[in-house]
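Nothing here was measured: the structure is a model prediction, and the numbers come from that model. Order of appearance sets the numbers: ligands from 1, and atoms from 1 within every ligand.
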Amino acid sequence: MTINVSDAGGRHRSPFRVLARRALALGGAGLVSVTGVVALSGSAHAAGSTLGAAAAGQGRYFGAAVAANHLGESGYATTLDTEFNAVTPENEMKWDAVEGTRNTFNFSNADQIVSHAQSKNMKVRGHTLVWHSQLPSWVSGLAAADLRTAMNNHITQVMTHYKGKIYAWDVVNEAFQDGSSGARRSSPFQDKLGNGFIEEAFTTARSVDPAAKLCYNDYNTDGVNAKSNAVYNMVKDFKARGVPIDCVGFQSHFNSNSPVPSDYQANLQRFADLGVDVQITELDIEGSGSAQATNYSNVVKACLAVTRCAGITVWGIPDKYSWRASGTPLLFDDNYGKKAAYTAALTALGGTSGGGTTDPGTGGGTDPGTGTKTCTATYTATQTWSGGFNGQVTIKAGSAAITGWSVKVTLGASQTTTGVWNGTTSWDSTGKVMTITPSYNGSLAAGASTSFGFTVQANGNTAAPAVSVCTAS
Ligand code: G2I
């Protein structure tokens, strides 16, 4: 899809919002059932048998960088859908990919990834809005005032297109120099707009999608060093002055020249102590066998030891598609076999690998074995009216009977709920995420269903709340 917009012109309205708007218009005459207008569904194996499920059991996500051109490969898509509950487009949201020509936005490849993720209830990390690399030459050629306009327009158009669909954005990527200087990296933004370009980017980003977490993302900042100190001081300053920032991404590209630092956890923790989430955003560790496995295990454990470490993203799925393929830095081999590093990461997440047989029922995913308790959660907007809507989540047991289930529902910006039925609710500290467990309907025979529902006061936001994968017990 190619959309032409102007700096001052109208904003693209996402198909999702159009649908939601139509649903609202339909509902205007009274309470109308609109089953299927907004439907999100998701499934995962029992807590602990996949990376995503095990991470979810720890209150974390486990994601992968994804390339749109591999989604048609069945092993790739199956491994993604089975193992991961978050994605980052590897290149598709970068400036050269979406705005190669000024004001001509092409979201088609990125949209493929976002749609895929949404259909599987995966989080999406947006990567990245302002970066010196993969930057079209028309941007680097602009004079300061025009560059500022172009930067803010780029942020505005891209974030508007994906508004409500992105868990976290890498707003600014790699703005600091390597080495001992702690200085900013030279780039068109730095050189023409000065230090203030970073906070300007964050402030613009917040105004466009206040529900998305806004991250600063960098590499070689994984341990305590001059570069991470410089980022730390920037984040501290932003927090002190109220510049909007919610998270710091630690890329974590490791190899023998750049090993996992011994103070990795301590470094994550000192950032978390500034009042931001920390995320491991591009993890890959070159090597093989038990050495690689131990490194993966240590990284996962460090994240779990830091309460505000929200999740981990590995920078690719099979080794063959890694930007460092020759270093075999990922969790799956070229045939999507699970490496020792996979088992180590899963074990560190508190998960257990099951039988590892192929399950034709889920399109070739790994089945942890017969009798494993699983469930799926399917969301449907059952009624809408001008001020809000009713949502229903249907829980269905898999091939084994279950005695309990748990699903998280995350309300959108400005939404509140006025009631939940057929479920017991507990809220997280943000007041946006409710965990629903059974009130009486926890025991389900194999294949049987139950549902819970809730009423949402939209306060202008009719987007469907995000429903997590179902965790069975
Ligand atoms: O370099 C590793 C990562 C460092 N942090 C930021 C990330 O965005 C970055 O990702 C990599 C991608 O994994 C590569 O796939 O960024 C590279 C570009 O800086 C990506 O490489 C590019 C190639 O250089 C292009 O020739 C190619 O057209 O990938 C493009 C799309 O396949």
Ignoring hydrogens and geometry beyond distance, is a side-chain donor-acceptor pair present between Glu286 and Asn255 at under 3.5 Å? yes
Got Arg125 and Thr313 here, is their nearest side-chain heavy-atom distance under 4.5 Å? yes
May I ask whether atom 26 (O) of ligand 1 is less than 4.0 Å from at least one protein heavy atom? no
If we only count N/O pairs under 3.5 Å, is His127 in contact with ligand 1? yes
For Gln134, atoms of ligand 1 separated by under 4.0 Å from a heavy atom: 16 (O), 17 (C), 18 (C), 19 (O)
Where at least one partner belongs to residues 139-169, residue pairs that pass disulfide bond (SG atoms under 2.5 Å apart), sequence neighbours excluded: none
How does Asn173 reach ligand 1, if at all, at less than 4.0 Å between non-hydrogen atoms: by side chain, backbone, both, or neither? side chain
In this structure, atom 5 (N) of ligand 1 is nearest to the protein heavy atom Glu282 OE1, 2.7 Å
Tell me which protein heavy atom sits closest to atom 11 (C) of ligand 1, plus the residue, atom name and distance to 0.1 Å. Lys94 NZ, 3.7 Å
heavy-atom search around atom 10 (O) of ligand 1 in the protein gives Trp315 NE1, 3.2 Å
Identify whether NZ of Lys or CZ of Arg in Lys227 sits under 6.0 Å from the centre of the six-membered ring of Tyr232 and within 45° of that ring's axis. no
Among all protein heavy atoms, pick out the one at the shortest distance from atom 32 (O) of ligand 1; state its residue, atom name and that distance to 0.1 Å. Asn91 ND2, 3.9 Å
For the aromatic rings, using the six-membered ring if either is Trp, is the centroid distance between Phe105 and His161 under 6.0 Å? no
Geometric N/O contact Trp323 with ligand 1, under 3.5 angstrom: no
Any chance NZ of Lys432 has more than 12 other-residue heavy atoms, nucleotides or ligands included, within less than 6.0 Å? yes
Closer than 4.0 Å to some heavy atom of Trp131 - which atoms of ligand 1 meet that? 6 (C), 8 (O), 19 (O)
Taking 4.0 angstrom as the limit and counting only heavy atoms of Ser133, give me the atoms of ligand 1 inside it, by number and element. 19 (O)
Which atoms of ligand 1 are found less than 4.0 Å from any heavy atom of His253? 3 (C), 4 (C)
Does atom 2 (C) of ligand 1 have a protein non-hydrogen atom under 4.0 Å from it? yes
Do any N/O atoms on Gln251 end up under 3.5 angstrom from N/O atoms on ligand 1? yes
Per-atom contacts of ligand 1 with Glu174, taking only distances under 4.0 Å to non-hydrogen atoms: 4 (C), 5 (N), 6 (C)
Under the side chain to side chain donor-acceptor pair (under 3.5 Å) test against Asp178, which residue among Asn225, Thr221, Asn220 passes? Asn220
Phe250: which of Phe271, Tyr216, Tyr264 passes ring pair (Phe, Tyr, Trp, His ring centres under 6.0 Å): Phe271
Ring geometry between His154 and Trp95 (parallel below 30°, tilted from 30 to 60°, perpendicular above 60°): parallel
What protein heavy atom sits nearest atom 13 (O) of ligand 1, and how far away is it? Glu90 OE2, 2.4 Å
With a 6.0 Å cut-off on the ring centroids, do Tyr219 and His253 count as close? no
